[in-house]
Amino acid sequence: MFIVTTPNNKMDETLKLLAKPCELILQPRKEKRSLTANSYMWLVCEKLARVEGITKEEVYRIAIHDVGVWDDIAVIPEGYESIKRNWERQGLGWIVEITGKYPKFWEVRLYTGSSVYDKRQMARLIDQLVYEAENHNLDVMTPKERSLLLDRWEKDKK
C-alpha cells in the first residue's frame with residue numbers, strides 16, 4: 001500500500017495523474033528549510049538590491065544562478081519553449097538556461113528555486129548572499145548567528 005500526500009488544491013491534478021500508468025520514484029525525503037532562514041535570505045537580498053540598484057528578485061535570481069541547485073537535460077529545439085514555460089511557472093528561482101546548441105538538441109540547465117531546498121542547500125544560498133553583502137560592507141549576521149538560525153530550523157522540524 002502507498003499513501004500519496006498532496007495539498008488539497010492539487011488533489012484533482014493528482015487524481016488525474018494516478019488514473020494513468022505512473023512511474024514510482026523513491027528518494028530520501030529532504031529536510032525542509034525554515035521560514036526564518038527564508039525571511040533572512042530575503043532581507044539580505046533587499047539590502048543588496050538597494051546598493052546594487054536592482055530589485056531583490058534580481059539579486060535572488062543571480063544567487064540561485066551562482067550557487068543554486070540545477071539539473072542538465074537535452075531538449076529538442078521545438079520543445080524548448082514549453083519546457084521553459086512549465087519550469088519557470090513554478091516560481092521566481094526556477095530558471096532555465098541554454099548551455100549548448102547542437103543540430104538535433106539543445107543542452108538546457110534547469111535551476112531549482114529555494115522553495116524546495118534542504119538545510120545544506122539553503123545554507124549555501126544564504127552564505128553566498130552574505131558574502132556579497134559583506135563585500136558591500138552591509139550589516140549581516142555573524143557566522144555564529146547564521147548557524148544558530150539553521151540549528152533553530154532543525155529543532156522546529158522535530
Does any non-hydrogen side-chain atom of [Y] lie less than 4.5 Å from one of [X]?
X     : Y      : value
Val67 : Asp127 : no
Trp87 : Thr112 : yes
Arg89 : Trp94  : no

Single-linkage hydrophobic cluster Leu48~Tyr131, side-chain heavy atoms < 4.5 angstrom: no
Are Ile73 and Phe105 connected in a single hydrophobic cluster, I mean Ile/Leu/Val/Met/Phe/Trp/Tyr linked by side-chain heavy atoms less than 4.5 Å apart? no
Taking NZ, NE, NH1 and NH2 as the nitrogens, is one of them in Arg50 or Glu46 under 4.0 Å from a carboxylate oxygen of the other? yes
Measuring from [X]:[atom1] to [Y]:[atom2], what's the distance to the nearest 0.5 Å?
X      : Y      : atom1 : atom2 : result
Cys45  : Glu52  : SG    : CD    : 10.0 Å
Ile64  : Leu92  : CD1   : CG    : 8.5 Å
Arg109 : Asp71  : CZ    : CG    : 9.5 Å
Asp66  : Arg124 : CG    : CZ    : 9.5 Å
Asp72  : Leu110 : CG    : CG    : 8.0 Å
Ile126 : Tyr40  : CD1   : OH    : 7.5 Å

Please verify the inter-ring angle class for His65 with Tyr111; under 30° counts as parallel, over 60° as perpendicular, anything in between as tilted.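 It falls in the tilted class, 30° to 60°.
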Nearest atoms (heavy-atom pairs only) where [X] meets [Y]:
X      : Y      : answer
Glu88  : Val96  : OE2-N, 3.4 Å
Val69  : Tyr117 : N-OH, 3.3 Å
Ala133 : Val44  : CB-CG1, 4.1 Å
Tyr60  : Ser114 : OH-OG, 2.8 Å
Lys47  : Asp139 : NZ-O, 2.6 Å
Glu58  : Thr55  : OE1-N, 2.8 Å

Is it the case that the side chain of Gln121 and the backbone of Asp118 share a donor-acceptor pair, with hydrogens and angles ignored and the cut-off at 3.5 Å? yes
Near Trp106 CH2, under 6.0 Å, is it more than 12 heavy atoms from other residues, nucleotides or ligands?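 Count over threshold, so yes.
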